[in-house]
There are 2 protein chains.
Amino acid sequence: MTEATYSLPRYAHIKSYIRNQIESKQWRVGDCIPSENRLAEDFSVSRMTARRAVQELADQGLLLRSVGMGTFVAEPPPLSLSLELPDFGEQFTFTNPHYSNRIIRLDTVAADRDVASLLKITEGDLIYHSVVVHVINSIALQWEACFVTPTLVPAYLKQNYQKVTPQAYLNWVLTPSRIDHQVQAVIPDTETTGAMGLATLSACLQITRRNWLQGEVVSATRCIIPGSHKVGVDLD
Amino acid sequence: MTEATYSLPRYAHIKSYIRNQIESKQWRVGDCIPSENRLAEDFSVSRMTARRAVQELADQGLLLRSVGMGTFVAEPPPLSLSLELPDFGEQFTFTNPHYSNRIIRLDTVAADRDVASLLKITEGDLIYHSVVVHVINSIALQWEACFVTPTLVPAYLKQNYQKVTPQAYLNWVLTPSRIDHQVQAVIPDTETTGAMGLATLSACLQITRRNWLQGEVVSATRCIIPGSHKVGVDLD
DNA sequence: CAGTGGTCTAGACCACTGG
DNA sequence: CAGTGGTCTAGACCACTGG
């Protein structure tokens, strides 16, 4: 097919051939592409080499494979962006010797409408609740509120959150089957800005993270990060 | 080493063995792990099978490999979060029949300090500049400012941005070698809030995206999205 | 130099799918 | 049934690193 071998590995040629076919719409979403055996024959390589090309593209999400059926062009992945967080409640304690935190609240509360819909429970149900402010070098970097379903994490209120952050404890006691995130810009209320030592009207990032276990929400963590600290740079 | 074979593939056993060694701190960050040949011997498999285990963990970022030197335990990857954007200037036009936009500016300007550092050029250099507000059903969803290096995209100002968004045009004329993103919470100035019909003090997400071509920044796009529209939910 | 990871081969057996 | 992808083997040659 393609000439100009230049010493690129053979599987790389097959990969770019496949990519070209997809980009030029010769093969469309849902189409079945040639089998490993077919590609091996066409490119005069062993099946393992052809397989490597196809497999790497499948790992990348470009192709979908299914035994017995074949390999198909996948839907283009949704446009997404990877956000690197300065921290998300984990490791705060250990990496920085200047770290400290303030525990603002640690109690049982009745879920208001907002929290109830977040946790998928009914309004008024009792839940565990914590608010911690993470501080490094006297600067409040993150305000972290957790709402936890008591039945699933019964010992939540009895932990020492001076030594382990609520999020880290949750990660330790349970392995969520799913995690979701939501990012939003907010102007926090005066209670929050006060706790963080911010000006009254400051734009902040609010990141809400939920831990799921078999269709149930175990916990929701809401972090508030001052907007003036840029949150992340990353390539995708 | 491990018994209980259950019919899991052999490379999977080797992978979990390696993961365990790392998680239990038997092997620490920077340590050299056994070579492919060594693992093949220890687990009584062919080198290709041992290699697969090591390679998949390296692809995942757990290990770093280097020919001649060996394979090493990598730094734990930074905690990150995947953000799905409702749109980033692409496809706005085509998916929704109620879409329209308003072109606020389309001109050549001198780079101020901020933009100069963003594009890695010197202050005062002339650049192309556009500001477009994306509207769906009379609601302004996104304010999109682009700063473009003229030499690399000479025809930028001559496009019809009623038919194609600036970001989509840029994606079309160039294939960046790198893209980076930055997310920040801001309270936009009155010019911007006015253009979007927002209250004067509204928290917004500001997403800055840069397209790179061989170490040079070709363009920077700054999008402002009202904070009240939640931006994305995703699992990671 | 011996050892490392990177690439590649020509076979093999398997569970699975469709017709 | 013939064809698919998933796993695996026992070899091979290579460029590269350190001592």
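Letters A, B, ... mirror the listed sequences (proteins, then strands); counts begin at 1.
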Student: Given atom CD of A:Glu41 and atom C1' of D:dT4, what is their separation to the nearest angstrom?
Tutor: 15 Å

Student: Can you name the nearest heavy-atom pair linking A:Val73 to A:Leu63, along with the distance?
Tutor: CA-CD2, 4.1 Å

Student: Does the side chain of A:Arg65 get closer than 4.0 angstrom to OP1 or OP2 of D:dG6 through an N or O atom?
Tutor: yes

Student: For B:Val45, report the nucleic acid contact type (base, sugar-phosphate, nothing); a contact means any heavy atom under 4.0 Å.
Tutor: sugar-phosphate

Student: Just N and O in the side chain of B:Arg51: are any of them under 4.0 Å from OP1 or OP2 of C:dG6?
Tutor: yes

Student: Rounded to whole angstrom units, what separation is found between the NE2 atom of A:His13 and the P atom of C:dT7?
Tutor: 13 Å

Student: Please report the distance, rounded to the nearest Å, between NZ in A:Lys15 and P in C:dC8.
Tutor: 12 Å

Student: Answer with yes or no after comparing the ring centroid distance for A:Tyr161 and A:Tyr156 against a 6.0 Å cut-off, counting only values under it.
Tutor: yes

Student: If you assign A:Gly68 and B:Ser46 each to the DNA chain D nucleotide with the nearest heavy atom, which residue ends up on the more 5' nucleotide?
Tutor: A:Gly68

Student: Is B:Arg10 close enough to D:dT7 that one of its side-chain N or O atoms is under 4.0 Å from OP1 or OP2 there?
Tutor: no

Student: Within this structure, what is the CD-to-P distance between B:Glu36 and C:dC8, rounded to whole angstrom?
Tutor: 15 Å

Student: If you pin A:Ser66 and B:Arg47 to their nearest nucleotides in DNA chain C, which one's is more 5'?
Tutor: B:Arg47

Student: Taking only side-chain nitrogens and oxygens of B:Thr49, does any of them come within less than 4.0 Å of OP1 or OP2 of D:dT9?
Tutor: yes

Student: Below the 4.0 Å mark, does C:dT4 have OP1 or OP2 next to a side-chain nitrogen or oxygen of B:Ser35?
Tutor: yes

Student: Between C:dC8 atom P and A:Glu56 atom CD, what is the distance in whole Å?
Tutor: 10 Å

Student: Judged by modelled atom types alone, do A:Asp59 and A:Gln55 share a side-chain donor-acceptor pair under 3.5 Å?
Tutor: yes

Student: With a sphere of 6.0 Å drawn around CZ of B:Arg38, does it hold more than 12 non-hydrogen atoms of other residues, nucleotides or ligands?
Tutor: no

Student: Measuring from the side chain of B:Tyr11 (C-beta onward, heavy atoms only), which nucleotide among C:dT7, D:dT7, D:dG5 has the closest atom?
Tutor: D:dT7

Student: If you take atom types as modelled and just measure distance, does the side chain of A:Arg52 reach the base of C:dG6 with a donor-acceptor pair under 3.5 Å?
Tutor: no

Student: Should B:Arg10 and B:Arg52 be marked as a side chain to side chain contact (heavy atoms under 4.5 Å, CB included) after you check the CA-CA gap, both sets of side-chain angles, and the distance that decides it?
Tutor: CA-CA 10 Å; B:Arg10 306 188 193 189; B:Arg52 174 163 182 181; over 6 Å; no

Student: With pairs taken as Watson-Crick or G-U wobble and both distances under 3.5 angstrom, which stems of at least three consecutive pairs involve DNA chain C?
Tutor: C:3-16 with D:3-16

Student: In whole Å, I'd like the distance from the CZ atom of A:Phe43 to the C1' atom of C:dT7.
Tutor: 17 Å

Student: Please evaluate residues B:Glu144 and B:Arg209 with respect to the criterion salt bridge (charged side-chain N to carboxylate O under 4.0 Å, His left out), reporting the C-alpha separation (whole Å), side-chain torsions for both, the decisive distance (0.1 Å), and the verdict.
Tutor: CA-CA 11 Å; B:Glu144 181 194 17; B:Arg209 168 185 172 145; over 6 Å; no

Student: Walk me through it: do B:Trp27 and B:Ile18 pass the test side chain to side chain contact (heavy atoms under 4.5 Å, CB included)?
Tutor: CA-CA 9 Å; B:Trp27 299 343; B:Ile18 296 172; 3.8 Å; yes

Student: Are there more than 12 heavy atoms of other residues, nucleotides or ligands under 6.0 Å from atom CD of B:Glu123?
Tutor: yes

Student: The side chain of B:Met48 lies closest to which of these nucleotides: C:dG11, C:dG6, D:dG11?
Tutor: D:dG11

Student: Can you find a side chain N or O atom of A:Thr71 that sits less than 4.0 Å from OP1 or OP2 on D:dG5?
Tutor: yes

Student: Just how far, in rounded Å, is P of C:dT9 from CG of A:Asn37?
Tutor: 14 Å

Student: How many whole angstroms separate atom CE of B:Met69 from atom C1' of D:dC16?
Tutor: 11 Å

